[in-house]
2 protein chains.
Amino acid sequence: MGEPVKFLLPEEEIPTAWVNLLADLPGAPPPPLNPGTGEPAGREDLAAIFPMGLIEQEVSSEPEIEIPDEVREIYRLWRPTPLHRARRLEQDLDTPAHIYYKYEGVSPAGSHKPNTAVAQAFYNREAGIRKLATETGAGQWGSALALACGLFGLECEVFMVGISYDQKPYRKAMIETWGATVHRSPSELTEAGRSQAEHTSGSLGIAISEAVEVAAGAGDTNYSLGSVLNHVCLHQTVIGQECIKQMELAVEAPDVVVGCVGGGSNFAGIAYPFLRARLRHGVETRFLAAEPAACPTLTRGRYAYDFGDTVGMTPLMPMYTLGHDFVPPPVHAGGLRYHGDAPSLCALVKEGLVEAKAIAQTAAFEAAVRFARTEGIIPGPEPAHAIRAVLDEAEAAKEAGEERVILFNLSGHGHFDMSAYEAYFAGELEDLEMPEEELEAALARLPEAPALP
Amino acid sequence: MGEPVKFLLPEEEIPTAWVNLLADLPGAPPPPLNPGTGEPAGREDLAAIFPMGLIEQEVSSEPEIEIPDEVREIYRLWRPTPLHRARRLEQDLDTPAHIYYKYEGVSPAGSHKPNTAVAQAFYNREAGIRKLATETGAGQWGSALALACGLFGLECEVFMVGISYDQKPYRKAMIETWGATVHRSPSELTEAGRSQAEHTSGSLGIAISEAVEVAAGAGDTNYSLGSVLNHVCLHQTVIGQECIKQMELAVEAPDVVVGCVGGGSNFAGIAYPFLRARLRHGVETRFLAAEPAACPTLTRGRYAYDFGDTVGMTPLMPMYTLGHDFVPPPVHAGGLRYHGDAPSLCALVKEGLVEAKAIAQTAAFEAAVRFARTEGIIPGPEPAHAIRAVLDEAEAAKEAGEERVILFNLSGHGHFDMSAYEAYFAGELEDLEMPEEELEAALARLPEAPALP
């Protein structure tokens, strides 16, 4: 046989700490603000819906946060995940580039999301919480939290974006298999849902408002978010830490690290450990965030304070935003349809440490099919955007005659998104445009807040 | 952290040869017969639809058959597959039993089927064949062959059992993603399909007839079968061979090996390498085949010569059968709805070397949900039958106070079968009975052939 195509680690190599990149960022990032007072949001602003264990991580300046044994025990069910060298794809592309992918689709829920879901369920259970409420778009996050709550004996209530609820009934069945409850959002169960009833297909922002309302209204219930926040991004850094060890096994180092971006957590997961090496030791690595052209937060949004949800219940966060009530066109990558992005990632883009690129939907699926036909795995629509960016990098490497080493996060499989592939093969997939007028209008509705530097 | 829960092997440990158990069976098994002449079927009876490389394996008396490098290269995309110790399930059951499962769902197609699909595509391409035709029930086999044909540059045409085609549209999209074509069976494209048009929901036997007809009618097209035949069963023995090494890593040996049975190949895959050890060295291991109560071939079928397909195009095979035109009730484990079983497995059951047990559908799903809520992975409806048998073994071990070591084949995930879970949670899943009168009638239509010993 030839050179290995998979680089595996034993269970002992599951990281023992999460990487908190905030501690290494040059200059303190702008703080989130209490929308009522305009003052920096403190622990007490979050305590109604998050347990103190997670709040401490949200505001921590420690560079590393120890992973509790109970969380690592659960990680062992599927971690460490494999790192693959995509030799068959490289041959098909006839590129001198070396392409590596970290495959997070081996988790029971099929994506990277359980990495933080398990941690969040753990800290909530430790705090005596009985139930978690959350939203889900395409269903990856709802599945992951349902799995995690099931494993820790918590109840779980999921508000699923209406259009996904209708199009992806099997995600609902999956969530129920792990013992959780699913509601179509907007629902009749919350004030927020009733107030948005005219948006029948729903949005991630509306579903967040519903889940936050449920959590804020019950003492034994908390809210759980699958991306954007700092504690979520840092939980995902088990991905990149494993990659660093696995790239050592491959005796290579990435020239460029690629991930798709919806809220930023899978990108942060693979990139932040490598970014820390760049910030601390000057390791020359490029970082490339691939976002959907239909929801181009990093490439065309405004860097400003905005709400994380549609109704305006969360603190104001410093980020690139398309406006908290902007409803992105219904692309199939439901997990990327978010108006904002993780503040930490936005700061890195602002600083020029991370490049961002907008990818059209059909180009993403074309890349995903090419990947499936060479490497076997059928990618989710979200990482399909990363794969498109990787193919472009490999083509650039070929033109430059460079042995460029490309590492990307294959954050999940597409088993629950096959209707999108069906539409692609039927020629029914459109390159949905972001409506410029709607964007302008949404940006005009940004909350009053200090300007960001 | 505690004791490991996963036992991994590096790529170099992918087996270099397949185990051909026929060479070790006590006494020569009865030969398949040419249905026209009643004489033992020879190589020439198979040459119209199979390449000589596979025919040689079908009739080989060599105990081991070398795996070609090109096949091992493809296996490396996902093999060796992990062996898990189900510690969380054991705790939940409060059993002294040690439960291990081999997880074949990590293949891109989500089951063990690619192990043989890749081999079959390879030998056909070597023989200059341009296209493969096949049938698929639930879709696992059609997906696997589509993947394999795509990787070896062959065309692939899949006849999918009508009811599955309607109920599992995403399997169709998956097959198309790998570049193959799917037809609903019975179709208008073949004589066999047209003759069975009144059976609108189709059956595996009818779909086999259609694919065989396509293959027999074109010189550059061959037929490919996903189970039953000896060459298929032996390709699957990579599973059991890896398990032997992994159980050594766990410093245990199985007291009982469990698998579900539709045609017999996933059971053969995990069991035959351990069975060889029993036959050669007297290792005391029990073997337990779990079949659906609605299609109870091994437990209630007749041991007789019968056709492999519905229309009667294949050689007569010595096996337990419910009658070649028996249409099993529409249980959700589509992959187990076959009227016969692998002749090699039937001979082992006849000899008492393998025990068989019929499992009711709801009991299987109850076990699968318990598994999903403890181990995370959502099992396919087929291995759910094996899990039910494992839970019963674990309960028996508890009653006996025994540290029984149970190993089973988790042959695939249930991501494309979530409608079955939905039906289970809605209380709509029935324990479909095999209609006794229909069975009697089907057995009365068995072809004329010598009686089996």
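To find a chain, count down the sequence lines: A is the first, B the second, and so on, and within it residues start at 1. Hydrogens, waters and symmetry mates are skipped; everything else that's a heavy atom, side chains included, is used.
Contact count against chain B (heavy-atom pairs under 4.5 Å) is highest for A/Thr177 among A/Val5, A/Thr374, A/Thr177. Taking chain B as the reference chain and counting heavy-atom pairs below 4.5 Å, the highest number among A/Trp178, A/Trp78, A/Tyr103, A/Tyr421 is found for A/Trp178. Of the listed residues (A/Ala368, A/Gly179, A/Pro108, A/Gly376), the greatest number of heavy-atom pairs within a distance under 4.5 Å of chain B belongs to A/Gly376. Taking chain B as the reference chain and counting heavy-atom pairs below 4.5 Å, the highest number among A/Ile377, A/Leu147, A/Val369, A/Leu151 is found for A/Leu151. Chosen from A/Gly150, A/Ser419, A/Pro114, the residue pairing most often with chain B at heavy-atom distances under 4.5 Å is A/Ser419. Top candidate by heavy-atom pairs under 4.5 Å with chain B, chosen from A/Met174, A/Glu176, A/Glu422, A/Lys6, is A/Lys6.
Contacts of A/Arg88 with chain B are made by side-chain atoms alone, with heavy-atom separations under 4.5 Å and no backbone atom involved. The part of B/Leu8 that comes within reach of chain A is its side chain, from C-beta onward, which places non-hydrogen atoms under 4.5 angstrom from that chain. Proximity to chain A (any heavy atom under 4.5 Å) is shown, for B/Ile175, by neither the backbone nor the side chain. Only the side chain of B/His84 comes within less than 4.5 Å of a heavy atom in chain A; its backbone stays farther off. With a threshold of 4.5 angstrom between heavy atoms, B/Glu70 does not approach chain A through any atom at all. For chain A, no part of B/Arg171 is nearby; none of its heavy atoms comes within less than 4.5 Å. For chain A, the nearby part of B/Phe425 is the side chain; its heavy atoms alone come within less than 4.5 Å.
With contacts defined as side-chain heavy-atom distances shorter than 4.5 Å, the pair A/Val158/A/Cys156 qualifies.
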**OP:** Step by step, work out the side-chain contact (heavy atoms from CB on, under 4.5 Å) result for A/Arg370 and A/Leu93.
**Re:** CA-CA 9 Å; A/Arg370 190 156 189 179; A/Leu93 296 171; 3.6 Å; yes

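Using a cutoff of 4.0 Å between basic side-chain nitrogens and carboxylate oxygens, A/Arg85 and A/Glu90 are scored as salt-bridged. The pair B/Arg388-B/Glu366 meets the salt-bridge criterion, with a side-chain N (NZ, NE, NH1 or NH2) lying under 4.0 Å from an Asp/Glu carboxylate O. Between B/Arg79 and B/Glu104 a salt bridge is recorded (basic side-chain N to carboxylate O distance below 4.0 Å). Remark: A/Arg76 engages A/Glu73 in a salt bridge, criterion side-chain N to carboxylate O under 4.0 Å.
Scanning all heavy atoms of the two residues, the minimum distance from A/Lys102 to A/Leu407 falls at N-CD1, 4.5 Å.
The backbone N or O of A/Ala138 sits nowhere less than 3.5 Å from a side-chain atom of A/Lys168 that would complete a donor-acceptor pair.
Note on ring orientation: taking the six-membered ring where Trp is involved, the planes of B/His415 and A/Phe416 are tilted (angle from 30° to 60°).
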